[in-house]
Amino acid sequence: MADRYAVIGNPVAHSKSPQIHAEFARATGEQLEYGRIEAPLEGFEHTLAQFRDAGGKGLNVTVPFKEAAFRYCSELSARARAAQVVNTLVFSGARVFGDTTDGVGLVRDLERNVGETLAAKALLLMGAGGAARGVLPALLEAGVGRVVIANRTLARAETLAQRYGVIACAYGALEGHAFDIVINATSAGLANEAPPLPASVLRPGALAYDMLYGGDTPFLATARNAGMRTSDGLGMLVEQAAESFFVWRGVRPETRPVLEYLRGR
Ligand code: ATR
């Protein structure tokens, strides 16, 4: 029987992960099945236990369970420990290993697919929730120069910024500041909203990146109108999936063909 994997979340119906992993499996010749599991909001651990009892080998974890997955693990990778969120679980007997591949997924997408150099760049990270926390260590490791974290609730940005020795800022206080890269790690796009970024921050030629995927968010639309280069998070999704696939199977699938396929090219 093929090894079983799945993405677990709520909601999870529209997740592209099953399609991505099916493509990876086909391209690498790995024998595996990859499904999707919607866990009740109060039933994450119970649903995990059922999957493990049925012989499941590993899971991708998505919203809103990444913090709960972090707490569930018996062992953690260094990058999961730093980010305090887990998006990749590996089961073997009583052992539950947790990793986070979102940060490396974002960095690889920026560097390889978008073609952006991160070293010494001035970067604005919007948001201070699990999504921002998951990617900040990898961005710093990639050598970005200056990082500012902006958040609606300033205290959350301050807590995160202090941990990494970077600067926290309210949106209004960004007026007149310039960045090479602006990353939206908020969930504002899900509500069809954009973070309240002063217009002066949207500089022509700079990169606007939204970690959400699936078309234009209000942030990307505004940024494009201001002359910025834009990218959604589809490449990050594919890159983090490839890294999870590697964690599970020890084989690194090519990402570019899958990304082109998903973009319909
Ligand atoms: P996630 O795991 O997706 O990061 P989260 O921990 O709930 O989810 O965090 C959501 C983030 O999006 C937070 O930074 C939130 O700002 P607050 O901390 O002030 O709540 C941000 N966010 C959500 N909707 C937003 C909006 N309309 N404008 C600006 N920020 C928004």
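Everything quoted here is computed from the prediction, not taken from an experiment. Note that ligands are numbered from 1 as they come in the structure, with each ligand's atoms numbered from 1 the same way.
Distances below 4.0 Å separate heavy atoms of Thr153 from the following atoms of ligand 1: 17 (P), 18 (O), 19 (O), 20 (O). Taking a cut-off of under 4.0 Å to the non-hydrogen atoms of Gly127, the atoms of ligand 1 that pass are 14 (O).
Side-chain atoms of Glu158 and Asn151 form no donor-acceptor pair, as typed in the model, at a separation below 3.5 Å. Under the 3.5 Å distance criterion, with hydrogens and angles disregarded, a donor-acceptor pair is assigned to the side chains of Gln240 and Asn87. Donor-acceptor pairing under 3.5 Å is lacking for the side chains of Arg256 and Tyr261. The closest side-chain donor-acceptor pair between Ser77 and Asp99 falls under 3.5 angstrom.
Regarding atom 13 (C) of ligand 1, its nearest protein heavy-atom neighbour is Arg156 NH1, 3.6 Å. Counting protein heavy atoms only, atom 26 (C) of ligand 1 is closest to Arg152 NH1, 3.2 Å. Ranking the protein heavy atoms by distance from atom 9 (O) of ligand 1 puts Gly129 CA, 3.5 Å first. Nearest protein neighbour of atom 16 (O) of ligand 1, counting heavy atoms only, is Asn151 OD1, 3.2 Å. With respect to atom 8 (O) of ligand 1, the closest heavy atom belonging to the protein is Gly130 N, 4.4 Å. Scanning the protein for heavy atoms near atom 21 (C) of ligand 1, the closest one is Thr186 CB, 3.6 Å. The protein atom (non-hydrogen) at minimum distance from atom 3 (O) of ligand 1 is Ala131 CB, 4.0 Å. Protein heavy atom in closest approach to atom 27 (N) of ligand 1: Glu193 OE1, 2.6 Å.
Using a 30° and 60° split on the angle between ring planes, His177 and Phe179 fall in the parallel class, below 30°. In this structure, His21 and Tyr34 have parallel ring planes: the angle between them is below the 30° cut-off, well short of the 60° mark.
A salt bridge is defined here as a Lys NZ or Arg NE, NH1 or NH2 lying under 4.0 Å from an Asp or Glu carboxylate O, and Glu243 with Arg252 meets this definition.
In this structure, Ala128 counts as a contact residue of ligand 1, since one of its heavy atoms falls inside 4.0 Å of the ligand. Judged by the shortest distance from any of its heavy atoms, Val63 lies outside the 4.0 Å radius around the atoms of ligand 1.
Taking a distance limit of 4.0 Å, we find that atom 1 (P) of ligand 1 is approached by some protein heavy atom.
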Report all side-chain donor-acceptor pairs from residues 160-169 shorter than 3.5 Å, counting only partners two or more places apart or in another chain.
from: Arg163; atom 1: NH2; to: Ala82; atom 2: O; distance (Å): 2.7
from: Tyr164; atom 1: OH; to: Ala82; atom 2: O; distance (Å): 2.8

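By the 3.5 Å distance cut-off applied to N or O atoms, Ser187 is counted among the residues near ligand 1.
Atom-to-atom distance recorded for Ile8:CD1 and Asn60:CG is 11.0 Å, nearest 0.5 angstrom.
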